Engineer: 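The structure follows.
Predicted model only: the values in this text are computed from it and were never measured. Labels below follow one simple rule: chain letters A, B, ... track the order of the sequence lines, proteins then strands, and each chain is numbered from 1.
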There are 2 protein chains.
Amino acid sequence: MSVREEKKQKTKQAILDAAIALFSTNGFENTSIEELAKSAGVGKGTVYGYFQTKKEILYAFCEYELEQIHKELANRADPDAPILEQVLTIYMTEFNHVTQNKEFGRIFMRQTVFPNESDRQDHLEIEDKYFQLLFPILQKAQDRGELRRNIELLHITGHFYGLYILIMSSWYTGRIPTEEVSSALELIFQQALEGLQPHPD
Amino acid sequence: MSVREEKKQKTKQAILDAAIALFSTNGFENTSIEELAKSAGVGKGTVYGYFQTKKEILYAFCEYELEQIHKELANRADPDAPILEQVLTIYMTEFNHVTQNKEFGRIFMRQTVFPNESDRQDHLEIEDKYFQLLFPILQKAQDRGELRRNIELLHITGHFYGLYILIMSSWYTGRIPTEEVSSALELIFQQALEGLQPHPD
DNA sequence: CTTAATTTTCGACTATGGTCGACTTCTAAG
DNA sequence: CTTAGAAGTCGACCATAGTCGAAAATTAAG
């Protein structure tokens, strides 16, 4: 690697490290770019050379977290466990990361679930990663007869995802305390599997 | 009403009218408070006498819209129609309002689904209005045997709400075009009623 | 009507996200 | 080694959200 590239990487990392430290301590809105730049040992303009907006610094961190989550899941996954268990593991792994930094999580979710026109592309990429993770799991469950065959995988994925967003929302609004998230998620996923209407018997 | 109170109300309305006009034409972010104040024929400080932040002006509009929606629903509602039809009507009514101003809708959804600590209270009030709207409808459906009796109404409400958020998200990200929202919503609600797993038969 | 107290209005001011273009450092061709 | 030009750095500067206290308008008591 050339001297230039090496420096670049170091600078970017310094900015990110400073950002994580400052955002975590003082919150996103209470950290000014000037402060952040000073802490990273660079000028304000340099920060904007690496990130187009203040929020983008946050996303860089979130994406890194997301990668960690995906790696963690690759280890944990048991493709033959009941579908409920697997889906729960996936979303609880994500949730556990979010609890470690509520502020990052909120801004990330807001942006991901209701993106600006300009951020659509990033959003779609992130969602695709999810689908790639979930599809084979759901496929197998469908093959085992745990899921109906006449529903598209995309719709099943969406169904679980929608309910996960709901639970996260309930957590962010304080309706569900941290320790109850797991059981709430399990309950509503179970409900989704069984259906809301009585079974014809 | 005293002269003072009358003036106050007029001023507030003038600010709101100007805001709706400008936000709709130029978007929320492209409208400065100074511009808005000028358009409303008041000083900048006066705007902040009526609204604490720029976003609060938006919420005032959103709350007004929400009231309109609730009024509209009160007329439309047919408490004896199938539950799927009723729930669809409710969410499609809301969606139709949102399409009339995408920008308001996004910010409103972001704030409602993932609120700041400081806005929690407002959020809960808005959600309560929903529950009050949905509860009697679900109750009746449960009585008619259209919904399982061993699920709490709150969970059923949440389930539908989570799926609505999902569809809205898909719309905001461009995954679902406007004209397909209705059928997508119907499909996923149907799926929720029937359950994702095969029926034991 | 006068006047003191209260409420409302206003725009200069502050703080900060983001831009700009001058300056510095690195690269690579000759 | 030189040197032209590319890549990266920087902080003064700009625009705008939000604050503040002085000025104006309204009220109510005498």
Side-chain angles (χ1 to χ4, degrees), chain A residues 1-23 25-61 103-104 107 110-111 116-119 122, chain B residues 1-23 25-62 103-104 107 110-111 116-119:
Chain A
M1 195 188 298
S2 71
V3 175
R4 192 162 253 173
E5 278 177 76
E6 235 171 70
K7 266 198 172 178
K8 239 183 126 170
Q9 203 145 349
K10 266 190 191 169
T11 306
K12 187 166 188 177
Q13 197 57 49
I15 293 171
L16 265 180
D17 289 346
I20 291 169
L22 287 173
F23 290 171
T25 315
N26 310 328
F28 178 70
E29 321 225 294
N30 295 322
T31 305
S32 74
I33 295 284
E34 205 133 8
E35 196 184 345
L36 164 59
K38 201 176 170 188
S39 165
V42 300
K44 191 175 175 180
T46 305
V47 173
Y48 281 96
Y50 288 92
F51 304 95
Q52 295 204 354
T53 65
K54 192 181 177 188
K55 279 195 178 169
E56 205 172 271
I57 304 174
L58 209 58
Y59 302 153
F61 171 76
E103 179 87 355
F104 285 119
I107 294 174
R110 275 192 183 184
Q111 191 62 26
N116 303 336
E117 298 292 322
S118 55
D119 295 320
D122 295 340
Chain B
M1 197 187 297
S2 71
V3 175
R4 192 162 252 170
E5 277 176 77
E6 235 171 69
K7 263 199 173 180
K8 242 184 125 170
Q9 203 146 347
K10 265 190 192 171
T11 306
K12 186 166 189 178
Q13 198 56 51
I15 294 171
L16 265 180
D17 289 346
I20 290 169
L22 287 173
F23 290 173
T25 315
N26 311 327
F28 179 71
E29 321 226 292
N30 295 323
T31 304
S32 74
I33 294 285
E34 206 133 6
E35 196 185 345
L36 165 58
K38 202 176 167 188
S39 164
V42 300
K44 192 176 177 180
T46 305
V47 174
Y48 281 96
Y50 288 92
F51 303 95
Q52 295 204 354
T53 65
K54 192 181 176 186
K55 279 193 179 173
E56 205 172 89
I57 303 173
L58 209 57
Y59 301 154
F61 172 76
C62 290
E103 180 89 354
F104 285 119
I107 296 174
R110 276 192 184 182
Q111 191 62 25
N116 304 336
E117 298 291 322
S118 54
D119 296 321

Engineer: Could you report the tightest heavy-atom contact between B/K12 and B/Y50, atom names first, then the distance?
Structural biologist: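 Closest pair (atom of B/K12, atom of B/Y50, distance): CB-CD2, 3.9 Å.
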Engineer: For a quick check, with a 4.0 angstrom heavy-atom cut-off, what is the B/S/- contact string for nucleotides 9-19 of chain C, read 5' to 3'?
Structural biologist: SBB-----BBB
Engineer: Mind calculating the distance between NZ (A/K10) and P (D/dG8) to the nearest angstrom?
Structural biologist: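 The answer, rounded to whole Å, is 16 Å.
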Engineer: Are A/E56 and A/T53 close enough that some pair of their side-chain heavy atoms sits under 4.5 Å apart?
Structural biologist: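 Contact flag for A/E56/A/T53 side chains = yes.
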Engineer: Taking atom C1' of D/dA17 as reference, at what distance in whole Å does atom CZ of B/F51 sit?
Structural biologist: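 Taking atom C1' of D/dA17 as the reference, CZ of B/F51 is at 16 Å.
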Engineer: For the atom pair CG (B/L36) and CD1 (B/I20), what is the distance rounded to the nearest 0.5 Å?
Structural biologist: 11.0 Å
Engineer: In Å and rounded to the nearest 0.5 Å, what is the CD to CD1 distance from B/Q52 to B/I57?
Structural biologist: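 Atom-to-atom, B/Q52:CD and B/I57:CD1 are 11.5 Å apart.
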Engineer: Is there side-chain contact between B/K38 and B/K44, with heavy atoms separated by less than 4.5 Å?
Structural biologist: no
Engineer: So do B/E35 and B/N26 actually touch side chain to side chain, heavy atoms under 4.5 Å?
Structural biologist: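 Of all side-chain heavy-atom pairs linking B/E35 with B/N26, at least one is under 4.5 Å.
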Engineer: What's the CD1-P distance between A/I15 and D/dG8, to the nearest Å?
Structural biologist: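 So the two atoms are 12 Å apart, to the nearest Å.
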Engineer: Over how many whole Å does the gap from B/E56 atom CD to D/dA17 atom C1' extend?
Structural biologist: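 Checked: the CD to C1' distance equals 14 Å.
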